[in-house]
Visitor: 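Before I ask anything, here is the structure I am working with.
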There are 2 protein chains.
Amino acid sequence: MFSAVGAAAACGFSLFDGRAPSGVRRCPLYLLVCIVGAMDTRERLVQSTRELLWERGYVGTSPKAIQERSGAGQGSMYHHFRGKPDLALAAIGRSAEELRDRAEAEFTGPGTAVERVSGYLRRERDALRGCPVGRLTQDPDVMADAELRRPVEETFAWLTDRLAGLLAEARASGELDAALDPASTAAALVAVLQGGYVLARAAGSAEAYTRAVDGALRLLAGHVR
Amino acid sequence: MFSAVGAAAACGFSLFDGRAPSGVRRCPLYLLVCIVGAMDTRERLVQSTRELLWERGYVGTSPKAIQERSGAGQGSMYHHFRGKPDLALAAIGRSAEELRDRAEAEFTGPGTAVERVSGYLRRERDALRGCPVGRLTQDPDVMADAELRRPVEETFAWLTDRLAGLLAEARASGELDAALDPASTAAALVAVLQGGYVLARAAGSAEAYTRAVDGALRLLAGHVR
DNA sequence: GTCTATAAATTGATAGAC
DNA sequence: GTCTATCAATTTATAGAC
């Protein structure tokens, strides 16, 4: 039976957090479908799985929990997906795609290269929830499965490379100290984000995240001309 | 029945990784006990739980797995501990204690304050295994339990504070730029460590960890006089 | 202290009706 | 496409013998 609650949750989530297949997000029909609450079963399963993977990880997410949150029955789930790994693959791919899209929007926005890097780091984030993609690196079953692991690996390789490119650009334009190494600096900045989530969750406060990012940007500021 | 394999694994682990109750580690009797393989059941249970929490997290660690790895039976486990949360509390406390002891040894070692901070960051670590304490922040069941969470929170608060103290010391002695903020810089450095583990696991290579630490130390170097 | 027996609930799926 | 029934294995214990 259709679950209005499940659909509304998955839908509201998608709408307000911008989570939807790339390209589809700006489609008026998609918005309408969300508002009406008629997101199809397959999509609700994917969204619910994304939420649960984010909150509880792969090991902590049961098919039963996915079914309850999505409002789909046992039969529906196994009709649309072969099982838990198959569902996780769809969910992880979607989360990776969204992280990339949102970062890219920041990177190609206005401002100097350093401003865009700072903007990305300072962007509003729900620090206590952590990173939906980075979180998966702590899941042994995800890391042990080459297919589940690939999107995680690719996301961080892309992100670090993209930031290194912006830093190289800033260095070339004389915005940044010529002695600074773009690759290792980019790695440090991505690490501060991921580690900031750890500190925030440990402290039980998003402030710890902000402080770490702040410290990193002040360190970087010393190398800006 | 006594399990030589379980004992040897837990023991070898303790010996070579320096995992043992603080103070006990340097006791000749403790070494003898380890070599003979006569670590008591309670201790083997704690060590096995520590390993499993590190590898698979709280949700991914079953009492059955703990019993198998420690070589202890069902009855033994429930004789020494009330259940899984009780065992986890002992294991987490031990891991937190050890992290702190090892860090403190680095912080009170030789060299200038900045050298000791760099030394701590560059210290050899098994990056692909991640941080036994930081890992727990991703475990919803650990974070939801105030008792299990406290050692995690305290460990990071202590570590960040301790690093901030060293940076303040370096600033006071003129070793470090007076404009640098010790608290946020310390938070950034701890975040780089924790995030470095995420990058290493995502890339499947410890090099990603080293690169992030390297980037952070180069950024810091720009503020050293 | 350690062992075996037992058990209620959950996990991750398959089978087949509708 | 969705539903219910069923199932073997695992989880997290408790009880009580030795």
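Chain letters run A, B, ... following the sequence lines, proteins first, then strands; residues in each count from 1. Hydrogens, waters and symmetry mates play no part in the numbers below; they use all other heavy atoms, side chains included.
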Visitor: Hey, does the side chain of Ser48(B) reach the backbone of Leu45(B) with a donor-acceptor pair shorter than 3.5 angstrom?
Guide: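 No; zero donor-acceptor contacts below 3.5 Å.
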
Visitor: Could you point out which residue of Arg69(A), Arg129(A), Arg94(A), Arg135(A) forms a salt bridge (charged side-chain N to carboxylate O under 4.0 Å, His left out) with Glu51(A)?
Guide: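 The single option meeting the salt bridge (charged side-chain N to carboxylate O under 4.0 Å, His left out) with Glu51(A) is Arg69(A).
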
Visitor: Are OP1 or OP2 of dG1(C) and a side-chain N or O of Ser76(B) less than 4.0 angstrom apart?
Guide: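 It does not, given that no N or O in the side chain of Ser76(B) lies less than 4.0 Å from OP1 or OP2 of dG1(C).
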
Visitor: Are any of the side-chain nitrogens in Asp139(A) or Arg56(B) under 4.0 Å away from the carboxylate oxygens of its partner?
Guide: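 Not counted as a salt bridge, because no side-chain N and carboxylate O are separated by less than 4.0 Å.
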
Visitor: Write down the distance between OH (Tyr58(B)) and C1' (dT12(D)), rounded to a whole number of angstrom.
Guide: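 For the pair Tyr58(B) OH and dT12(D) C1', the rounded distance is 10 Å.
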
Visitor: Closer than 4.0 Å, any side-chain N/O of Thr41(B) to the OP1 or OP2 of dG1(C)?
Guide: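 No, Thr41(B) has no side-chain N/O under 4.0 Å of OP1/OP2 on dG1(C).
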
Visitor: Here's a test of your reading of the structure: between His80(B) and Ala65(A), which maps to the more 5' nucleotide of DNA chain C?
Guide: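 Nearer the 5' end of the strand: His80(B).
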
Visitor: Nearest-Å distance, CZ (Phe81(A)) to P (dG12(C))?
Guide: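 It is 16 Å, rounded to the nearest whole Å.
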
Visitor: Please tell me if Ser62(A) has a side-chain N or O lying less than 4.0 Å from either OP1 or OP2 of dT10(C).
Guide: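 No, because none of the side-chain N or O atoms of Ser62(A) sits under 4.0 Å from OP1 or OP2 of dT10(C).
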
Visitor: Rounded to the Å, how far apart are Tyr78(A) OH and dA15(C) P?
Guide: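 Answer to the nearest Å: 13 Å.
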
Visitor: Between dT2(D), dG12(C), dT12(D), which nucleotide has the shortest distance from any of its atoms to the side chain of His79(A)?
Guide: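 Of the options given, the side chain of His79(A) lies nearest dT2(D).
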
Visitor: Grab the CG-C1' distance between Leu87(A) and dG12(C) for me, whole Å please.
Guide: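 Going from Leu87(A) (CG) to dG12(C) (C1'), I get 12 Å.
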
Visitor: dT2(C) C1' sits how many Å from Arg44(B) CZ, rounded?
Guide: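 Value for this atom pair: 11 Å.
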
Visitor: Identify which nucleotide among dA5(D), dA13(D), dG1(C) has an atom closest to any side-chain atom of Gln74(B), counting heavy atoms from C-beta outward.
Guide: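 Out of dA5(D), dA13(D), dG1(C), the nucleotide with an atom closest to Gln74(B)'s side chain is dA13(D).
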
Visitor: Could you check whether any side-chain heavy atom of Tyr58(B) comes within less than 4.5 Å of a side-chain heavy atom of Met143(B), counting everything from C-beta outward?
Guide: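 Answer no - side chains too far apart.
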
Visitor: Nearest whole angstrom, please: distance from the C1' of dG1(D) to the CG of Leu45(A).
Guide: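 It works out to 12 Å between those atoms.
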
Visitor: When the distance from CD of Glu68(B) to P of dT12(D) is rounded to whole Å, what number comes out?
Guide: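 My rounded result for the distance is 13 Å.
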
Visitor: Can you measure Arg82(B) atom CZ to dT12(D) atom C1' for me and round it to whole angstrom units?
Guide: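 Rounded to the whole Å, the gap is 15 Å.
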
Visitor: Check this for me, if you would: do Arg50(B) and Glu98(B) make a salt bridge, where the nitrogen-to-carboxylate-oxygen distance has to be below 4.0 angstrom?
Guide: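 A salt bridge links Arg50(B) with Glu98(B).
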
